[in-house]
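Okay, so here's the structure we're looking at.
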2 protein chains.
Amino acid sequence: MTIRMLTELEGVCLGLVRRHEPCTAYRVRQELKAAPSSHWQASAGSVYPLLTRLEAKKLVAKTSDAADGRGRTLLRITRRGQAALTQWLLMGKEPEVISSMTDPIRSRMFFLNVLSAAQQTAYLDELISEMEYYLSRTKDHLGTLTADDDLCAFLGSQGAVKIAEARLEWLREVAAKFRTQSGNIEKR
Amino acid sequence: MTIRMLTELEGVCLGLVRRHEPCTAYRVRQELKAAPSSHWQASAGSVYPLLTRLEAKKLVAKTSDAADGRGRTLLRITRRGQAALTQWLLMGKEPEVISSMTDPIRSRMFFLNVLSAAQQTAYLDELISEMEYYLSRTKDHLGTLTADDDLCAFLGSQGAVKIAEARLEWLREVAAKFRTQSGNIEKR
DNA sequence: CGATGCATGTAAGCTGTTACATGATTGC
DNA sequence: GCAATCATGTAACAGCTTACATGCATCG
């Protein structure tokens, strides 16, 4: 019996349930929102149905404590859930997973020549300044973690910093190149 | 009159039409598939409707050459399309765009402690080897480009290499840490 | 003349988003 | 008492994927 592969958001949410169990769906949303670099909005409309889906597949167990005044539902990962999470994690070594990274800045860089030379340098300067701010926030977030407490969260967050640094360094080189080349003038 | 903001895939496709115009929708798909690091499958079911959508918004112009035996349709970007592409590009400096990067490896790293110590090191070793291969392919792709021909494509591809190098370096550090710590044993 | 590649599309389904809607609890 | 936060959901919609379907062109 093969477990249907989890989506990225499902994998992350299941992992968060595991890390913070027992926890509410609300907590999972908060954790997603707190992450300084995340593609997901973690809207109620995605997280609640998603966790219901995971429950239907018996990957998480919901327990509604009757004693709890508000209708709070606590989540826990099941043994099947652990297996599914492991399978999702191991899928990470597949080439199509490794290469499926998205970087909206890099995507845009390919089409920078749609801008005038003046616009190009102005845009790159603003971008670098925003990236610097993003990097500082990412470092701040890393500062709240320790290697002793949760090594995985610490190293994951460290990766975010390292990648942000690489992006920033690259942007600086791009800006330098565009300044010396005085823009990449269209040939048409 | 504000132009409705383009999605990521729309922006990339519009930019590709511009770079290769006049070109077919098929060509746009090929270009997307050829990119060594792309989140998009560029399936027919997404690209064709997408370009029809862009045509309806007058961002691209379709010209069906009657002389052409096969029912080939050539695409060109319109002036409105250039404006929309510019707007999409400039949106890149918004914090939510900068931080919306996704990295499936980094996502998984947060939950590595679901694996046993032996599984952890085995997985990281395989991952590093796959990342090395991915990096070499990315470098090969960069090698096919020159700074003189299309500076943007060259620098964009250079960014892919730099980020891949940062990811790989980070993965090596993670592997080293996990080996010395002999895994991150669960406390429960 | 058959395989591969060029070329265009559609239908069903899943996932995620925005916006809306409700109510309990906690802190000031 | 009132605001902010905790907490859970639904409905409409947009976007992308898989799988299916078709036909022409080119090369061996």
Side-chain angles (χ1 to χ4, degrees), chain A residues 4-14 16-17 20 22-34 38-57 59-60 62-75 88 96-97 100 102 104 107, chain B residues 4-14 16-17 20 22-34 38-57 59-60 62-75 88 96-97 100 102 104 107:
Chain A
R4 222 271 265 104
M5 192 55 70
L6 299 174
T7 65
E8 287 298 299
L9 185 55
E10 283 173 341
V12 171
C13 287
L14 186 54
L16 287 173
V17 167
H20 300 290
C23 69
T24 63
Y26 183 83
R27 174 73 190 275
V28 173
R29 280 188 68 197
Q30 296 315 106
E31 291 292 329
L32 277 170
K33 279 198 257 183
S38 172
H39 165 69
W40 289 288
Q41 311 304 121
S43 51
S46 62
V47 174
Y48 285 96
L50 185 151
L51 289 169
T52 304
R53 225 151 61 214
L54 293 188
E55 194 208 8
K57 289 202 248 171
L59 305 183
V60 297
K62 283 185 181 178
T63 39
S64 307
D65 193 347
D68 188 16
R70 30 184 165 175
R72 215 158 39 155
T73 306
L74 293 175
L75 300 164
W88 171 77
E96 62 267 25
V97 175
S100 74
T102 51
S107 299
Chain B
R4 223 270 263 104
M5 193 54 70
L6 299 173
T7 65
E8 289 298 299
L9 185 55
E10 282 173 344
V12 171
C13 286
L14 186 55
L16 287 174
V17 168
H20 300 290
C23 70
T24 62
Y26 183 81
R27 174 74 191 274
V28 173
R29 280 186 69 197
Q30 296 316 106
E31 292 291 329
L32 278 169
K33 279 197 255 183
S38 172
H39 166 67
W40 315 107
Q41 310 304 118
S43 52
S46 62
V47 173
Y48 286 96
L50 184 152
L51 289 169
T52 305
R53 225 152 59 213
L54 294 187
E55 194 208 8
K57 289 202 247 170
L59 305 183
V60 297
K62 282 186 183 177
T63 38
S64 306
D65 193 347
D68 187 17
R70 31 185 166 177
R72 212 155 46 154
T73 306
L74 292 175
L75 300 164
W88 172 77
E96 62 268 26
V97 175
S100 74
T102 51
S107 299

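Proteins come first, then strands; the chains are lettered A, B, ... in the order of their sequence lines, and each starts at number 1.
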Carefully, step by step, assess L32(B) and C13(B) under the rule side chain to side chain contact (heavy atoms under 4.5 Å, CB included).
-> CA-CA 8 Å; L32(B) 278 169; C13(B) 286; 3.9 Å; yes
Step by step, work out the side chain to side chain contact (heavy atoms under 4.5 Å, CB included) result for K62(B) and L75(B).
-> CA-CA 5 Å; K62(B) 282 186 183 177; L75(B) 300 164; 3.4 Å; yes
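When the nucleotides dT17(C), dG16(C), dT8(D) are ranked by their closest atom to the side chain of L9(A), dG16(C) comes out on top. Among dT18(C), dT8(C), dT8(D), the nucleotide with an atom closest to any side-chain atom of Q41(A) is dT18(C). Listed nucleotides dC6(D), dA7(D), dA7(C) differ in distance to R72(B); the shortest reach to its side chain belongs to dA7(C). The side chain of S43(A) lies closest to dT18(C) when the candidates are dA7(D), dT10(C), dT18(C). Which of dG16(C), dT17(D), dG15(D) sits closest to the side chain of R53(A) comes down to dG16(C). The nucleotide whose nearest atom lies closest to any side-chain atom of Y26(B) is, among dT15(C), dA7(D), dA7(C), dA7(C).
Nucleic acid contact class of R29(A) (heavy atoms, under 4.0 Å, all strands): base. Residue S46(A) is classed as a base contact, given a heavy-atom separation below 4.0 Å to a base.
If you take CG of L74(A) and C1' of dA7(D), they are 11 Å apart, rounded to a whole angstrom. Between E31(A) atom CD and dA7(D) atom C1' there is a gap of 16 Å when expressed in whole angstrom units. To the nearest angstrom, P of dT18(D) lies 14 Å from CE of M5(A). Look at NE2 on H39(B): it is 11 Å from C1' on dT15(C), rounded to the nearest Å. The distance between atom CG of L6(A) and atom P of dG16(C), rounded to the nearest whole Å, is 11 Å. Taking atom CD on E8(A) and atom C1' on dT17(D), their separation rounds to 15 Å, with Å as the unit. In this structure, CG of L32(B) is placed 17 Å from C1' of dC6(C), rounded to the nearest angstrom. Rounded to whole Å, atom P of dT15(C) lies 10 Å from atom CG of L54(A).
Within the 4.5 Å cutoff, no side-chain heavy atoms of E8(B) are placed close to those of T102(A). Side chains of T24(A) and T73(A) form no contact here, defined as non-hydrogen atoms less than 4.5 Å apart.
Contact annotation: T7(A) does not reach the phosphate of dC14(C) (side-chain N/O to OP1 or OP2, under 4.0 Å).
Residues Q30(B) and T52(B) both approach DNA chain C. Their nearest nucleotides, taken by heavy-atom distance, put Q30(B) toward the 5′ side.
Rounding to the nearest 0.5 angstrom, the gap separating the CG atom in L16(B) from the CZ atom in R29(B) is 13.5 Å.
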